[in-house]
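One structure is given here, and the rest of the page talks about it.
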Amino acid sequence: MEVTYENGNGSLSMSAVVADPLNWAVVAESMKGSHLDDVKRMVAEYRKPLVRLDGATLTVAQVAAVATRDNTVAVELCKAARGGVKASSDWVIEGSLIVHSY
């Protein structure tokens with residue numbers, strides 16, 4: 001990015017490198033396209049007969065499929081994710097046992 005400052009005595013040009021630590025450029029790129037394409041992807045994912053829980057990704061379509069399609073969707077937990085699921089379960093159980101007095 002180049003910025004030019006001018007005053008009555010002349011001008012000064014400066015160059016700067018702009019960092020993107022939050023990866024906004026990647027997010028913006030991923031959002032290109034039409035809303036219709038997103039809906040089509042979600043519907044296709046919703047209709048899949050298997051939801052694989054890997055501990056890293058879980059979509060709205062997967063949650064909706066499990067929540068609304070009763071026994072027509074199989075859920076599979078990957079072995080690599082079992083430790084994380086156990087740790088999360090333990091955390092929830094421990095948190096529910098804490099007695100709060102207000």
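Scope of the values below: all heavy atoms of this structure, side chains included, with no hydrogens, waters or symmetry mates. Nothing fancy with the numbering, it's 1 onward along the sequence.
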Can I get a per-line list of side-chain donor-acceptor pairs under 3.5 Å for residues 74-84, giving both atom names and the distance, sequence neighbours left out?
{"from": "E76", "atom 1": "OE2", "to": "R52", "atom 2": "NE", "distance (Å)": "2.8"}
{"from": "R82", "atom 1": "NH2", "to": "L77", "atom 2": "O", "distance (Å)": "3.4"}

Between S89 and V85, is there a donor-acceptor pair closer than 3.5 Å when you use the side chain of the first and the backbone of the second? no
Results of salt bridge (Lys or Arg N to Asp or Glu O under 4.0 Å) for R69 - residues two or more places apart only: none
Candidate list T68, L50, V51, test side-chain contact (heavy atoms from CB on, under 4.5 Å), partner V73, passing option: V51
Intermediate values then yes/no, side chain to side chain contact (heavy atoms under 4.5 Å, CB included), L58 and V63: CA-CA 7 Å; L58 184 63; V63 172; 3.8 Å; yes
When you check the side-chain N and O atoms of Y46 and T59, is any donor under 3.5 Å from an acceptor? no
So how far is it from E29 CD to N23 CG, rounded to the nearest 0.5 Å? 13.0 Å
Does D54 reach the main-chain N or O of T57 with its side chain, forming a donor-acceptor pair under 3.5 Å? yes
D90/K86 salt bridge by N-O under 4.0 Å criterion: yes
Which of these, H35, R41, K40, sits in a side-chain hydrogen bond (donor to acceptor under 3.5 Å, both in side chains) with D38? R41
